[in-house]
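In the text below, chain A, chain B and the rest are named by the order of the sequence lines, each starting its count at 1. FYI, side chains are in, hydrogens and waters are out, and symmetry mates aren't considered; it's all heavy atoms of this structure.
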Protein chains: 2
Amino acid sequence: MRARKIDRRPVAQPPVAQRILDVAEQLVQTRGFNGFSYADVAETLLVTKASLHYHFPAKADLGRALIERYHLVFGQALAAIDRQVPDARGKLRRYIGLYDSVLRNNRMCLCGMLAAEYATLPIQMQKELLRFFDANEVWLATVLEDGRRAGDLSFRGPAKQRARSILGALEGAMLVARAYGNGRRFLSAAKQVLADVCIEHAAERELMASAAF
Amino acid sequence: MRARKIDRRPVAQPPVAQRILDVAEQLVQTRGFNGFSYADVAETLLVTKASLHYHFPAKADLGRALIERYHLVFGQALAAIDRQVPDARGKLRRYIGLYDSVLRNNRMCLCGMLAAEYATLPIQMQKELLRFFDANEVWLATVLEDGRRAGDLSFRGPAKQRARSILGALEGAMLVARAYGNGRRFLSAAKQVLADVCIEHAAERELMASAAF
DNA sequence: GTCTATAGGTGGATAGAC
DNA sequence: GTCTATCCACCTATAGAC
């Protein structure tokens, strides 16, 4: 039996490409895609710019990888919510929690940030960006529709439309709240978004209460 | 009596500084403050970069002037609404119309765009930016509070809080809609924002209707 | 006020050694 | 895979002539 090789890795570390993405992601979420450079990433990771270009030849490649990973992780988070939370209101609360946790790190949603810079992005990034928003809307619309059918939620009009306005409202609330450096601003707005898909339900209760007495 | 000098100006034109601001504004609203350069403005106006620096020595000066003018014009528009429209719902509709007209030119709200780039902006621009949002919130909160008192609007909680969530919702709806290049997305979301401050009113009507029959 | 010319820096990206 | 060295385009900004 052959002796095993000694594992020289000091500690388990994520592969280089991942660490690059981690740093770049933070930079894009705070400064924007046009607001950071390879030099910024290199300085943080104590490597040279040339080394970064080995992993991501062009900035567009890095940007595309950022969106794809973000989309993937976000999708996994949504799947986890679906597994763990049964009711629609609870799911929406958790969904809001995802945004809130991003904002707590003084970051903007990666894709909200990129949406602002949309006109300056490589076409590939533009496409991936819309795919992210599409996926969010599909998930939200499903939750909304199911919640309404179950009587857990109440709102007018198509669920798809509601999903879009909720997505926009959360992105916008985040955008402004981060400028003020005030996370409570976001949570306050998010709670109202949530209340707005329950409000008629409350009105129905009032109706029933007034009918009872 | 002395002969008058011939007016050599071909047509009445806005002063140079204004034309610079016009071009820069359009560029910032579409590409962001970090996404345009003096060279872009110079090329459009057929002047040299050096000439621009005469009017706005540093880019920060240009940026600050942009926000101040935007704030001023926006304030005048709000004052016009107050003069022309008596009811709160009508005022909100006109307010939404302001955003819509910006989006129709494939632009993002100047200050929404700058909010995304907030972390990279000169301090002076950051301050002016928050002043703009503050003014919007004050106006909105007044409209909301007056509308509620007059029975024209109906919503829960402090008007200030509603004002903030409406501002965020409109900025966010704009942000996403512009990426999709679809103005209807914005209008759809905006209508829901409007409906959400009338919805309980509708519920009250239902209540009264059910009480009557 | 606008120009030419240029400084001084940073951007993304590549070649080739190790 | 990471490095050194370098390229070239572009950036903000200034000096000084007209």
Side-chain angles (χ1 to χ4, degrees), chain A residues 5 7-25 27-28 30-67 114 117 119-126, chain B residues 5 7-25 27-28 30-67 114 117 119-126:
Chain A
K5 278 186 193 162
D7 188 347
R8 298 197 180 278
R9 288 175 298 181
V11 279
Q13 272 203 346
V16 190
Q18 277 211 25
R19 289 199 296 153
I20 294 171
L21 289 173
D22 289 339
V23 174
E25 185 177 77
L27 284 167
V28 174
T30 49
R31 304 177 52 88
F33 191 71
N34 295 325
F36 89 103
S37 70
Y38 271 46
D40 297 326
V41 181
E43 193 179 17
T44 305
L45 292 177
L46 302 174
V47 293
T48 59
K49 289 189 291 172
S51 178
L52 301 181
H53 279 286
Y54 170 80
H55 297 279
F56 302 98
K59 203 183 178 186
D61 301 318
L62 175 55
R64 191 157 165 267
L66 280 175
I67 305 177
L114 294 176
E117 301 176 291
T120 70
L121 299 180
I123 311 110
Q124 284 278 19
M125 287 183 66
Q126 292 183 338
Chain B
K5 279 184 193 163
D7 188 348
R8 298 194 183 279
R9 288 174 300 180
V11 279
Q13 272 202 345
V16 190
Q18 277 211 24
R19 290 200 294 153
I20 295 171
L21 289 174
D22 289 339
V23 175
E25 186 177 76
L27 285 166
V28 174
T30 49
R31 305 177 50 88
F33 191 71
N34 295 326
F36 90 104
S37 70
Y38 271 47
D40 297 325
V41 180
E43 192 179 19
T44 304
L45 293 178
L46 302 175
V47 294
T48 59
K49 292 183 288 172
S51 177
L52 301 181
H53 279 286
Y54 169 81
H55 297 278
F56 302 98
K59 204 183 178 187
D61 301 318
L62 175 55
R64 191 157 166 267
L66 279 175
I67 306 177
L114 294 176
E117 300 176 290
T120 70
L121 299 180
I123 311 110
Q124 284 278 16
M125 287 183 67
Q126 293 183 337

Query - Side-chain N or O of Thr48(B) closer than 4.0 Å to phosphate OP1/OP2 of dC3(C) - result: yes
Report summary line: Applying side-chain hydrogen bond (donor to acceptor under 3.5 Å, both in side chains) to Arg64(B) and not counting sequence neighbours gives Gln124(B)
Requested in this report: Using atom CG of Asn34(B) as one end and atom P of dT10(C) as the other, report the distance to the nearest whole Å.
Outcome: 15 Å
Requested in this report: List for me each residue that meets side-chain contact (heavy atoms from CB on, under 4.5 Å) alongside Gln18(B), sequence neighbours excluded, and say none if there are none.
Outcome: Pro14(B), Pro15(B), Arg69(B)
Query - Whole-Å gap separating P (dG12(C)) and NE2 (His55(A)) - result: 17 Å
**Report entry** Interatomic distance where CD belongs to Glu43(A) and P belongs to dT2(D) [whole Å]
**Finding:** 18 Å
Requested in this report: Would you mind reading off the distance between Arg19(A) atom CZ and dG1(D) atom P, rounded to a whole angstrom?
Outcome: 13 Å
Query raised in the report: How close or far is atom P of dT2(D) from atom OH of Tyr54(A), stated in whole angstroms?
Result: 8 Å
**Report entry** Listed partners of Thr120(A) passing side-chain hydrogen bond (donor to acceptor under 3.5 Å, both in side chains), at least two apart
**Finding:** Asn34(A)
Query raised in the report: Please, which pairs that meet salt bridge (charged side-chain N to carboxylate O under 4.0 Å, His left out) have at least one residue in residues 51-62 of chain A, sequence neighbours excluded?
Result: none
Tell me which donor-acceptor pairs under 3.5 Å the side chains of residues 42-57 of chain A have, and how far apart each pair is, sequence neighbours excluded?
residue  : atom : partner  : partner atom : Å
Thr44(A) : OG1  : Asp40(A) : O            : 3.1
Thr48(A) : OG1  : Ser51(A) : N            : 3.4
His53(A) : ND1  : Pro57(A) : O            : 2.7

Provide a list of protein-nucleic acid N or O atom pairs under 3.5 angstrom, restricted to nucleotides 11-15 of chain D.
residue : atom : partner  : partner atom : Å
dC11(D) : OP1  : Ser37(B) : OG           : 3.0
dT12(D) : OP1  : Lys59(B) : NZ           : 3.0
dT12(D) : OP2  : Tyr38(B) : N            : 3.2
dA13(D) : OP2  : Lys59(B) : N            : 2.7
dA13(D) : N7   : His53(B) : NE2          : 3.2

Report summary line: All heavy atoms of Ile20(A) vs all of Leu62(A), minimum pair found to be CG2-CD1, 4.2 Å
